Amino acid sequence: MVPTTAAAVSDSAPVLVSSRLARTVACALAVATALVTAMVFFPVLRADWVDWDDQTNFLDNPYYRGLQWSRLRWMLTTNLMGHWIPVTWLTLGMDYVVWGMNPFGYHLTNLLWHIASAVLFYLVARRLLGLAMPSASSVVRSAGAAAATLFFALHPLRVESVAWITERRALTSGFFLLLAVLSYLKTHERPPEVRAGWRLVALGSTALALGSKAIVMGLPLVLVILDIYPLRRLGPGVRDWLSSRARSVWLEKIPFALLAAAAAVIAFNVQRSTGYLTPATLETRLAITAYNVWFHAWKTFVPLNLSPVYELPLSVSPLEGPYLWSAVAVLAITATVWIVRRHWPAGLATWAFYVVMLAPVSGIVHTGYHLGADRNTYIACAGFALLVGALVALVGDAWQRGTLRRVIAAPALALCLAWIVGLGLSASIQTTVWQDSETLWRYAVEIDPACSVCQHHFAVSMARRGNRAEGVAAFERAIALRPDRSEYRANYGVVLMEMGRREEGLAALRYRIADNPRDLGARRNFALALIQDGRPAEAITELESVLRMQPGWVPALDTLGQAYLVAGRVESAMGAFRRAITVSPKDPIARLGLARAHLAGGDGAAAREQIAILETIDPGLAARVAQEFQ
């Protein structure tokens, strides 16, 4: 018996060593991909806020700042800028608690979310490659998963989501979607007694993903795709889907489908109520959709001339070249992967995943100024990364088995590595574009001088830096490109008044307000102009109307307080400033205004008390006004 036991131990030793080596390689590759991702995106930590929704979402928004109940209630109910994203707002509120308004901390959190998603993607990729290539060695599958992860994580299309603080929602929704998929896969590789636990994790992750950004509403369909391939829980034919065996597969999707349906209804109603939906015919929507499906796939493999805005033209026709050829390409790819589905099921699964995940932002329900956006690819194009990883694993497995000669396999793998290195270098360079507003929008207008949105934002950034002449020139280019967009005239009017061209500036503001009375920013700026012209009563009427639409808007409350002071209504001014402080205790304008109101009312001690608080909030401003209160 002793020799037999010894022989058994001897025979099993290589298996144990091999298993241990495989686990070591898998862990090492996971750590390596995380470190490389951190290195490539490290420049984002030096970036500032940018004038691309950051101003509205953070710099002018006191409501997310903290984790008090009033802040949490706002996060749960707000539809700011047409989004319902309470989970994302919660992460941003946590950032404020730790970092205040220092952009470094927000960028660091964005980077950590992306690194965590890269690790999750690696774990998902290993399992999917294991299911698709069960005969390949664990080391080969790990190498393929690492290649897929690097393609996903280092791609230049990821830069917008990581470098732009506003797009935290792509990172949080992507992380929780990957966690849901990983948990779902683990559900089907574990003993039955622990499957229920993993299914609950998958369901909870789905809820968190949908609460981060509704773009992931296609997740239930993604799980069905996984059931067909590579899990093969559902057969390839419709009859298989309707069989009694498939009933349990469909029943378990009901909670996921209900969550996704609720998120879709909320997202649609939010977009409709905030006026972000684009009015368009069905033909136009289909043309935009076909263009988007082709455009994002093309950018994944040819990521050149990336921009923060790919502008929606004034008119879209399905028969115009870009839209017609996009439709032809999409139909050709769809037909091809369908025809070869039995020989290459991964192709159809990948394409279906891509279309399902892109669908909410493809143009069927269109919002905003853009045709497409880099941020929309964060998860949608992940399937393409898996195909790259599968190619690496396939070549490595064939080389290992001796069915592919080294003279072919080695250059093929080297070429893939060079491609991934090139993507990483391109992404690292692309991060520098997002360093500040001027850099971003100067780059954008160089990429596409005909982009009116880019010209407008470049104009705003120039004006804020004091370069008003260049700003006015850019404003005028934007208006010439798209005279139908009256919103450009709001900021244009402010800059004209700052340059002394007061009548032209007021005319531009009036034009915007007449076209869209719900532009509260334009109406507040118009009220400021009325105060400066010595017409506080008219300004008060304007601001009271604005505050009826948005009662707690701090800039309007601050301006209302100033109008009351100019009108000599000291008590009313105090009330307006106190309302602003209630919403935003660290608002320096309200603190200064309240101090001036106390001084005007003859209470110097109360005024100095407010200035003492102002010194802790904005020492520079306090120093500049100190003489008023001595």
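Counting begins at 1 with the first residue of the sequence. A quick note: this is a predicted structure, and the numbers were derived from the prediction, not measured.
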Test side chain to side chain contact (heavy atoms under 4.5 Å, CB included) on T109 and V98 and set out the steps. CA-CA 11 Å; T109 306; V98 177; over 6 Å; no

Could you go through the salt bridge (Lys or Arg N to Asp or Glu O under 4.0 Å) check for R482 and E487 one step at a time? CA-CA 10 Å; R482 293 298 297 267; E487 59 267 35; over 6 Å; no

Option among F458, W434, W52 that satisfies the ring-ring contact (aromatic ring centres under 6.0 Å, His included) test with W441: W52

Say whether, by atom type as modelled, one donor and one acceptor occur between the side chain of T56 and the main chain of D53 under 3.5 angstrom. no

Are S461 and D51 close enough that a side-chain donor and a side-chain acceptor fall under 3.5 Å? no

Tell me yes or no: between the side chains of R523 and S545, is some donor less than 3.5 Å from an acceptor? yes

Are any non-hydrogen side-chain atoms of P313 and L371 less than 4.5 angstrom apart? yes

Are side-chain heavy atoms of H107 and V162 found at a separation under 4.5 Å? no

Please check if any side-chain donor atom of R502 sits under 3.5 Å from a side-chain acceptor atom of Q532, or the reverse. yes

Before giving the answer on side chain to side chain contact (heavy atoms under 4.5 Å, CB included), spell out for L72 and L90 the whole-Å C-alpha distance, their side-chain angles and the decisive distance to 0.1 Å. CA-CA 7 Å; L72 296 175; L90 181 62; 3.7 Å; yes

Taking all atoms of both residues into account, what is the closest heavy-atom pair of V87 and S212, and its distance? CG1-OG, 3.4 Å

Any non-hydrogen side-chain atom of L210 less than 4.5 Å from a side-chain atom of V216? yes

Checking E542 side chain against A527 main chain: does a donor-acceptor pair fall under 3.5 Å? no

Taking the side chain as C-beta and beyond, is there a heavy-atom pair between I513 and D519 under 4.5 Å? no

If you look at every heavy atom in G471 and A459, which pair is closest and at what distance? O-CB, 3.2 Å

Closest non-hydrogen contact found for G174 with S117 is C-OG, 4.3 Å

Hey, what's the ring geometry for H370 with H366, parallel, tilted or perpendicular (30° and 60° as the breaks)? tilted

Taking atom CG of D95 and atom CE of M101, what is their separation to the nearest 0.5 Å? 10.5 Å

Ion pair check, R442 and E470, cut-off under 4.0 Å: yes

Determine, step by step, whether D436 and R465 satisfy the salt bridge (Lys or Arg N to Asp or Glu O under 4.0 Å) criterion, reporting the C-alpha distance in whole Å, the side-chain angles of both residues, the deciding distance to 0.1 Å, and the verdict. CA-CA 11 Å; D436 55 54; R465 288 180 176 270; 3.7 Å; yes

Value for NE2 (H296) from OG (S362), rounded to nearest 0.5 Å, stands at 9.5 Å

List the steps and the verdict of side chain to side chain contact (heavy atoms under 4.5 Å, CB included) for Q610 and H598. CA-CA 9 Å; Q610 291 300 319; H598 280 304; 4.2 Å; yes

Is the centre of the W49 ring less than 6.0 Å from the centre of the F58 ring? yes

Electrostatic pair E609:R591 at N-O distance under 4.0 angstrom: no

Do D515 and S486 pair up side chain to side chain, a donor and an acceptor below 3.5 Å, judged on atom types alone? yes

Would you indicate whether the side-chain heavy atoms of R464 and Q55 approach each other to under 4.5 Å? yes

Between CG on residue L171 and NZ on residue K213, distance to nearest 0.5 Å: 9.5 Å

Look up atom CG in L565 and atom CD1 in I531, then write down how far apart they are to the nearest 0.5 Å. 9.5 Å

Heavy atoms, side chains only, cut-off 4.5 Å: are R485 and V453 in contact? yes

Would you say D618's side chain and L621's backbone share a donor-acceptor pair under 3.5 angstrom? yes

Looking only at the side chains, is there a donor atom on one of N57 and Y64 sitting less than 3.5 Å from an acceptor on the other? no

What pairs of residues pass the side-chain hydrogen bond (donor to acceptor under 3.5 Å, both in side chains) test when at least one of them lies in residues 65-88, not counting sequence neighbours? T88-T172

Where do W164 and N110 come nearest, in terms of heavy atoms and distance? O-ND2, 3.4 Å

Pair R608, E615 - check salt bridge (Lys or Arg N to Asp or Glu O under 4.0 Å), show working. CA-CA 10 Å; R608 287 188 290 275; E615 287 174 348; over 6 Å; no

Please round to the nearest 0.5 Å and tell me the distance separating atom OG1 of T289 and atom CG of L282. 9.0 Å

Look at the side chain of S584 and the backbone N and O of I581, then say whether any donor-acceptor pair between them is shorter than 3.5 Å. no

Under the ring-ring contact (aromatic ring centres under 6.0 Å, His included) definition, can you give me all pairs with a residue in residues 465-514, not counting sequence neighbours? H456-F475, H456-Y488, F475-Y492

Do Q562 and L528 have side-chain heavy atoms sitting under 4.5 Å apart? yes

Restricting to non-hydrogen atoms, name the atom on V309 and the atom on C451 that form the minimum distance, rounded to 0.1 Å. CG1-SG, 4.0 Å

Qualifying ring-ring contact (aromatic ring centres under 6.0 Å, His included) pairs with a residue from residues 538-597, counting only residues at least two apart or across chains: none

Does atom CZ of F104 have more than 12 heavy-atom neighbours from other groups under 6.0 Å away? yes

If only atom types and distance count, is the side chain of N467 paired as donor or acceptor with the main-chain N or O of A463 below 3.5 Å? no

Would R169 and E167 count as a salt bridge (Lys or Arg N to Asp or Glu O under 4.0 Å) if you check the C-alpha gap in whole Å, the side-chain angles of each, and the deciding distance to 0.1 Å? CA-CA 5 Å; R169 55 201 177 214; E167 204 46 38; 3.1 Å; yes

So, Y310 versus F295, ring centres under 6.0 angstrom or not? yes

Scan side-chain atoms only and decide if H114 and Y378 contain a donor-acceptor pair under the 3.5 Å cut-off. yes

Looking only at heavy atoms, what is the nearest atom pair of A580 and V554, with distance? O-CG2, 4.1 Å

Do R168 and S161 have side-chain atoms, one donor and one acceptor, less than 3.5 Å apart? no

Look up atom CD in E160 and atom OG1 in T431, then write down how far apart they are to the nearest 0.5 Å. 13.5 Å

Checking L157 against K299 for the side chain to side chain contact (heavy atoms under 4.5 Å, CB included) test, could you report, in this order, the C-alpha distance in whole Å, the side-chain angles of both residues, the deciding distance, and whether it holds? CA-CA 8 Å; L157 288 174; K299 285 291 183 184; 4.3 Å; yes

So L560 and I540, do their side chains get closer than 4.5 Å, heavy atoms only? yes

One pair to check against side-chain hydrogen bond (donor to acceptor under 3.5 Å, both in side chains): S452 and R477. What are the steps and the verdict? CA-CA 7 Å; S452 71; R477 285 194 295 271; over 6 Å; no

